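Scroll down for the structure; my scribbles are underneath it.
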Amino acid sequence: MNKVLYIKANIKNEGQSRTFKVSDRFIEEYKKNNPQDEVFELDLYKENIDFLRPDDLGKIFGPKDEASKESPLLKYAYQFAEADKYVFAAPMWNLSFPAILKAYIDYISVVGITFKYTAEGPVGLLQGKKAVHIVSRGGEYGNAPYEMGDRYLRTILGFFGIADIETIAIENVDVVGVNVDEKIEEGISKASLLAKEF
Ligand SMILES: Cc1cc2nc3c(=O)[nH]c(=O)nc-3n(C[C@H](O)[C@H](O)[C@H](O)COP(=O)(O)O)c2cc1C
């Protein structure tokens with residue numbers, strides 16, 4: 001049995017997010033294909049995600065023991081490390097993703113949980129796991145250098161040791177004259193295919 005962590009970062013009301021229209025279908029298809037797996041939904045806007053405060057740094061870099069497992073701050077990092085697969089769903093905001101996702105990444109980038117330091121430099125502790133990033137964008141970016149969200153997510157997940165990363169981008173949805181429903185359907189088709197082999 002695999003544990004899937006479905007991380008959602010969007011403020012839009014239920015049913016309004018193009019990103020979630022695709023990512024929810026991905027999860028639906030995944031569940032159909034993997035009924036034995038456990039999928040946990042983490043809606044970041046419903047969590048106590050904050051910017052790191054001075055007291056938090058001691059916990060991020062401090063010892064990882066029985067006491068640290070009780071820390072409300074570190075619960076996200078432990079939860080992340082326990083999962084086998086990750087589904088990130090976040091729209092493009094200002095060339096990246098919503099800031100709450102970066103704040104969450106600051107919570108899960110924890111020494112001794114998601115990576116460690118060695119004499120040869122930092123080493124990721126989440127080797128062999130996989131992730132998909134589902135993103136809707138107003139314009140078209142592909143792999144353009146000014147796209148910072150997907151590239152950052154891939155880099156930090158790589159730092160944790162996660163090398164198997166897919167991206168489903170639903171682009172051009174804010175371009176005048178574009179058929180948005182068609183774009184979403186294209187995204188859903190890609191998501192349904194990927195959900196079979198994820
Ligand atoms: C705060 C904010 C910032 C945005 N910044 C960008 C941007 O930099 N580039 C872009 O192509 N679209 C940008 N958009 C448009 C969204 O990426 C686009 O509308 C997307 O489809 C939203 O996905 P959603 O329906 O899941 O929220 C932005 C939208 C918002 C609300």
Side-chain angles (χ1 to χ4, degrees), residues 4-34 39-52 76 79-80 83 85-109 130-159 162 164-198:
V4 181
L5 192 57
Y6 178 24
I7 300 147
K8 302 173 78 170
N10 202 348
I11 41 168
K12 281 192 179 167
N13 290 329
E14 196 67 33
Q16 299 300 305
S17 162
R18 289 106 166 218
T19 308
F20 290 173
K21 280 181 185 163
V22 175
S23 60
D24 285 347
R25 280 295 291 278
F26 178 91
I27 292 292
E28 217 176 281
E29 291 299 317
Y30 182 87
K31 283 180 176 169
K32 263 191 228 161
N33 292 306
N34 304 277
V39 179
F40 188 83
E41 185 175 310
L42 190 66
D43 185 337
L44 298 184
Y45 279 100
K46 294 181 183 154
E47 298 291 320
N48 290 319
I49 308 285
D50 192 5
F51 297 116
L52 291 179
Y76 294 103
Q79 177 189 53
F80 196 83
K85 301 178 184 183
Y86 309 95
V87 179
F88 287 88
M92 174 180 257
W93 275 16
N94 304 315
L95 306 183
S96 179
F97 42 64
I100 198 165
L101 180 53
K102 176 60 171 62
Y104 171 73
I105 290 169
D106 288 346
Y107 273 29
I108 62 172
S109 304
K130 54 174 23 182
V132 58
H133 176 211
I134 299 173
V135 51
S136 173
R137 300 175 182 138
E140 184 165 340
Y141 294 81
N143 292 324
Y146 35 84
E147 191 293 312
M148 311 283 177
D150 189 62
R151 289 190 304 132
Y152 174 76
L153 200 56
R154 283 173 171 270
T155 307
I156 192 76
L157 292 177
F159 182 76
I162 303 166
D164 184 348
I165 306 166
E166 299 280 351
T167 302
I168 297 173
I170 306 103
E171 294 200 305
N172 284 323
V173 283
D174 291 334
V175 172
V176 176
V178 156
N179 186 330
V180 177
D181 291 340
E182 218 169 79
K183 292 275 173 202
I184 292 170
E185 278 312 313
E186 278 171 28
I188 287 174
S189 300
K190 286 182 195 161
S192 303
L193 270 182
L194 185 63
K196 288 192 175 71
E197 60 189 48
F198 186 67

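Predicted model only: the values in this text are computed from it and were never measured. In each ligand, atom 1 is the first atom listed, and ligand 1 is the first ligand listed. Numbering of residues begins at 1 and proceeds along the displayed sequence.
- Among residues two or more places apart in sequence or in another chain, the side chain to side chain donor-acceptor pair (under 3.5 Å) test is passed with Asn34 by none.
- Proximity to Leu95 (heavy-atom distance under 4.0 Å) selects the following atoms of ligand 1: 7 (C), 8 (O).
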Could you walk me through whether Glu29 and Lys32 pass the side-chain contact (heavy atoms from CB on, under 4.5 Å) check? CA-CA 5 Å; Glu29 291 299 317; Lys32 263 191 228 161; 3.3 Å; yes

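- Here the protein heavy atom with the shortest distance to atom 12 (N) of ligand 1 is Gly138 N, 3.2 Å.
- For Lys31 and Glu28, the salt-bridge test fails: no basic side-chain N is under 4.0 Å from an acidic carboxylate O.
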Please step through ring pair (Phe, Tyr, Trp, His ring centres under 6.0 Å) for the pair Phe26 and Tyr6, ending with a clear verdict. CA-CA 10 Å; Phe26 178 91; Tyr6 178 24; 8.4 Å; no

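- Interatomic distance, Asn172 CG to Arg137 CZ, rounded to the nearest 0.5 Å: 10.5 Å.
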I would like to know whether Ile134 and Val87 meet side-chain contact (heavy atoms from CB on, under 4.5 Å); could you show each step before the answer? CA-CA 7 Å; Ile134 299 173; Val87 179; 4.2 Å; yes

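- Using a cut-off of 4.0 Å between Lys/Arg side-chain N and Asp/Glu carboxylate O, Asp181 and Lys21 are scored as not salt-bridged.
- Comparing Thr19, Asn94, Ile11 against atom 3 (C) of ligand 1, the shortest heavy-atom distance belongs to Asn94.
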Apply side-chain contact (heavy atoms from CB on, under 4.5 Å) to Val135 and Phe97, showing your working. CA-CA 9 Å; Val135 51; Phe97 42 64; over 6 Å; no

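- Residue-to-ligand polar distances keep Val173 apart from ligand 1: every N/O pair is separated by 3.5 Å or more.
- Between Gly139 and ligand 1, a contact under 3.5 Å exists for at least one N or O pair.
- Looking from atom 9 (N) of ligand 1 to the surrounding protein, the closest heavy atom is Tyr141 OH, 2.7 Å.
- Looking at Asn10 against ligand 1, only its side chain comes within 4.0 Å, counting heavy atoms.
- Remark: Asp43 engages Lys46 in a side chain to side chain donor-acceptor pair (under 3.5 Å) (not counting sequence neighbours).
- Both the backbone and the side chain of Arg18 come within 4.0 Å of ligand 1, judged by heavy-atom distances.
- For atom 17 (O) of ligand 1, the nearest non-hydrogen atom from the set Lys8, Glu147, Met92 comes from Met92.
- The protein non-hydrogen atom at the shortest distance from atom 31 (C) of ligand 1 is Trp93 NE1, 3.6 Å.
- What sits closest to atom 20 (C) of ligand 1 on the protein, heavy atoms only, is Ser136 OG, 3.4 Å.
- Of all atoms in ligand 1, listed by their number and element, those nearer than 4.0 Å to a heavy atom of Asp174 are 15 (C), 16 (C), 18 (C), 19 (O).
- Below 3.5 Å of separation, one finds no N or O of Pro91 facing any N or O of ligand 1.
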